[in-house]
Amino acid sequence: DSADFDSEVDSVCPYCGVGCQISFKVKDGKIKYVEGIDGPANENRLCVKGRFGFDYIQHPHRLKKPLIRREDAPEKGLNVDPANILTHFREATWDEALDAAANGLAKLREDTGRRVAGFGSAKCSNEEAYLFQKLIRQGFGHNNVDHCTRLCHASSVAALMENVGSAAVTATFNEIENADVAIAIGCNPTENHPVAATYFKQFAKRGGKLIVMDPRANGLKRYASHMLQFKPGADVSMLNAIMHVIVEEGLYDEQYIQGYTENWEAMKEHLKGFSPEKMSAICGIDAEVLRDVARTFAGAKAGMIFWGMGISQHIHGTDNSRCLISLALMTGQVGRPGTGLHPLRGQNNVQGASDAGLIPMFLPDYQPVTDDGVRSAFTDVWKSSDFSSEKGLTVVEIMDAIHAGDIRGMYILGENPAMSDPDASHARDALAKLEHLVVQDIFLTETANYADVILPSSAWYEKTGTVTNTNRQVQMGRPVMPPPGEAKEDWWIEVELAKRLGLDWDYTHPRQVFAEMKINMKSLDNITWERLERSAVTYPSLSPEDPGQAIVFGDGFPRADGRAKFTPASVIQPDELPDAEYPMVLITGRQLEHWHTGSMTRRSKVLDAMEPEANCSMHPRTLRALGVEAGDYVQLTTRRGTVSVMARSDRAIGEGQVFLPFAYVEAAANILTNPALDPFGKIPEFKFSAVRVEKA
Ligand code: SF4
């Protein structure tokens with residue numbers, strides 16, 4: 001009963017890219033209860049994270065005052081006990097901390113400016129992401145600005161931009177309601193996009209054919225018409241074999257191909273060498289199953305393809321996405337109800353932050369920094385001089401540049417590279433080397449351990465701003481309560497820092513930022529702050545009344561000639577193959593209860609109670625071969641390091657593989673992972689490292 005609460009506020013979930021709308025019920029300054037409301041992506045549904053993962057905002061570890069590293073602080077390292085934080089940092093006023101943050105960065109700017117880099121956050125609003133990239137570009141004159149999209153779907157974006165001309169999904173996931181066949185590959189929606197998974201389950205219930213492809217037999221298996229548990233890293237061989245059958249048996253959509261695509265002849269020629277009979281041994285799937293999947297998908301009246309980080313986080317991640325795009329194009333499964341390409345976005349605002357230009361090669365709306373006209377359109381609005389036309393460094397490249405002495409200062413907002421970067425020891429050593437590190441966050445994250453200045457900021461439930469989900473739906477985030485202590489909204493901190501860096505910024509509300517974004521972002525045409533206060537709008541919206549287009553590209557693609565492109569992909573081995581010393585395959589990822597580096601969910605009582613301990617999973621036969629029982633501790637060792645973690649038995653994992661979630665600092669998965677990069681998306685190979693497993 002609403003009389004039981006002091007206030008009720010409608011906002012959006014801070015976790016995954018589904019973007020569920022939630023009503024928060026507040027009493028005596030605390031969120032007492034939440035319920036799902038009728039947002040376009042969730043229709044009243046919530047998963048366990050949205051339902052129970054809100055109390056971290058009142059955790060005693062919240063940062064409430066600005067902090068400056070003490071001159072007599074112990075050496076930088078992962079050694080700050082939150083209960084003893086004042087041994088390392090002293091409390092400061094906002095003026096003092098902002099001056100210290102800005103002066104340190106400005107000092108490094110003096111010669112070329114390139115010595116500073118910035119990581120913004122997919123956990124911030126669109127306005128905050130826009131301001132962050134503007135601060136780096138306008139304030140430092142270069143494009144060394146990136147965020148966790150680099151570790152997430154950067155390779156998908158590279159392939160989509162190349163072949164479709166647009167990085168966002170071509171259809172909302174809700175369109176699966178109109179499909180009769182759907183492929184879900186390299187994704188685990190029942191854990192990572194649980195409300196989206198409910199739509200997949202409904203689709204299967206009404207007879208839709210769900211083809212699940214993943215090295216793990218994940219939670220969608222029980223709804224699948226086909227479960228292809230292929231060998232890790234063998235995506236291209238499997239997908240090329242499926243497309244080979246479509247060509248060989250003439251199952252392609254000739255009319256669509258002729259009307260809307262290019263490079264088909266080269267693609268057909270390329271696929272000749274990938275018969276299922278030849279590829280079966282490489283991908284581990286029977287040739288007849290590959291043929292059946294090809295016929296099933298090509299025979300769909302309306303087919304969709306969904307993918308996740310099992311596709312993107314490989315050195316051949318861009319090739320994986322190229323294959324999926326080609327499969328959709330050759331079967332004409334784009335641009336109609338129940339068809340489309342949908343890379344399931346991870347973070348709640350990774351779509352919006354990328355759209356807002358928080359990436360080193362693109363300005364907002366994926367406009368290239370290399371284009372003089374594009375840059376001048378932005379500098380006109382910003383009333384500032386030109387900045388570099390050179391693409392900036394990406395996340396992993398920035399860590400390497402710190403080691404090389406080329407980057408000496410960083411501004412990191414809401415990201416935790418000490419946990420999320422591959423080869424985390426290398427990343428942590430880099431953070432320790434920085435001459436000046438400014439961290440803006442809500443907790444003393446592992447990354448904040450290395451900071452010189454810490455700026456306490458706001459959780460998602462404490463701020464005003466827009467957010468864009470995996471469906472391209474732009475929604476309004478509203479503050480449920482104010483930030484604790486002296487903590488501030490992120491946009492306010494960015495503005496104050498920018499002013500101290502000499503920038504002429506006078507924003508007093510995020511709606512002014514949104515208005516500025518609209519000038520050079522056509523994707524926001526017809527979307528106004530006032531509309532968003534009333535309801536979500538899907539971009540593109542074709543008129544002030546249009547709620548937005550759930551499906552795009554029915555009449556051609558945003559490429560120069562209106563045609564999408566086939567780009568053939570060849571089989572590339574994973575960077576680090578198992579050998580006698582490291583004989584197994586390590587796969588990292590998420591699990592239902594914990595979000596990314598764990599800074600929020602491990603401070604959320606219910607979620608932490610549900611999954612309280614670091615764990616890895618292996619097939620029971622693998623455990624037996626290792627002489628390990630479920631519940632024993634094992635040591636996982638790769639060429640980068642060793643972690644010790646409790647082992648679980650799980651028949652969903654392939655034999656000779658181990659799955660390790662990356663949320664646990666005490667068994668940090670990224671101590672182990674391989675930083676080798678996909679050459680196009682510059683995304684690391686989180687999904688394949690050679691590992692040795694021993695009983696601890
Ligand atoms: Fe939040 Fe995603 Fe769960 Fe929805 S599905 S409640 S957006 S974590």
Side-chain angles (χ1 to χ4, degrees), residues 9-25 31 33-57 121-126 148 152-153 169 172-174 176 184 187-203 218-220 223 306 308-309 342-353 459-461 463 465-478 480 536 538 589-608 610-611 661-663:
V9 181
D10 294 349
S11 190
V12 184
C13 177
Y15 290 105
C16 87
V18 171
C20 296
Q21 288 194 8
I22 303 182
S23 175
F24 295 86
K25 321 289 182 185
I31 300 172
Y33 174 71
V34 310
E35 61 185 2
I37 53 177
D38 193 15
N42 66 311
E43 297 176 300
N44 302 305
R45 304 168 201 181
L46 289 181
C47 81
V48 68
K49 283 192 286 290
R51 177 66 187 82
F52 295 110
F54 53 82
D55 55 332
Y56 71 88
I57 66 169
S121 177
K123 278 269 168 282
C124 282
S125 68
N126 291 327
C148 69
C152 172
H153 265 305
V169 300
T172 63
F173 64 72
N174 314 70
I176 196 171
C187 57
N188 187 5
T190 53
E191 300 212 38
N192 299 329
H193 301 83
V195 166
T198 64
Y199 291 85
F200 288 48
K201 294 172 187 176
Q202 293 301 314
F203 159 80
N218 62 48
L220 281 183
Y223 305 91
F306 297 89
M309 272 146 252
H342 192 120
L344 285 153
R345 286 334 208 262
Q347 291 271 22
N348 66 328
N349 201 30
V350 70
Q351 181 66 61
W460 177 247
Y461 308 114
K463 64 171 80 172
T466 67
V467 60
T468 307
N469 69 2
T470 188
N471 279 346
R472 297 182 262 107
Q473 285 151 348
V474 190
Q475 311 193 80
M476 183 62 73
R478 299 180 181 85
V480 180
T538 305
R590 290 171 289 192
Q591 54 186 162
L592 173 65
E593 301 81 2
H594 286 302
W595 187 251
H596 287 202
T597 66
S599 56
M600 292 152 63
T601 52
R602 294 200 79 196
R603 292 181 174 96
S604 179
K605 272 198 192 110
V606 173
L607 298 175
D608 195 48
M610 290 172 76
E611 192 58 283
F662 70 102

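Keep in mind that this is a model prediction, so the values were computed, not measured. Residues: numbered from 1 along the sequence shown. For ligands, and for the atoms within them, numbers begin at 1 and follow the listed sequence.
- Across Ser604 and Asp55, no two heavy atoms sit closer than the pair OG-OD1, 2.7 Å.
- Across Leu46, Ile37, Ile31, a single residue satisfies side-chain contact (heavy atoms from CB on, under 4.5 Å) together with Ile22, and that is Leu46.
- In summary, the aromatic rings of Phe200 and Tyr223 are positioned with their centroids too far apart to meet the 6.0 Å limit.
- Once rounded to the nearest 0.5 Å, the distance linking OG of Ser11 with CH2 of Trp460 reads 6.0 Å.
- Protein N/O/S atoms found under 2.8 Å from atom 1 (Fe) of ligand 1, listed by chain and residue number: Cys13 SG.
- Between Thr466 and Val474, the shortest heavy-atom distance links the atoms CB-CG1, 4.1 Å.
- Checked against a 6.0 Å centroid threshold, the rings of Tyr461 and Phe24 count as neighbours.
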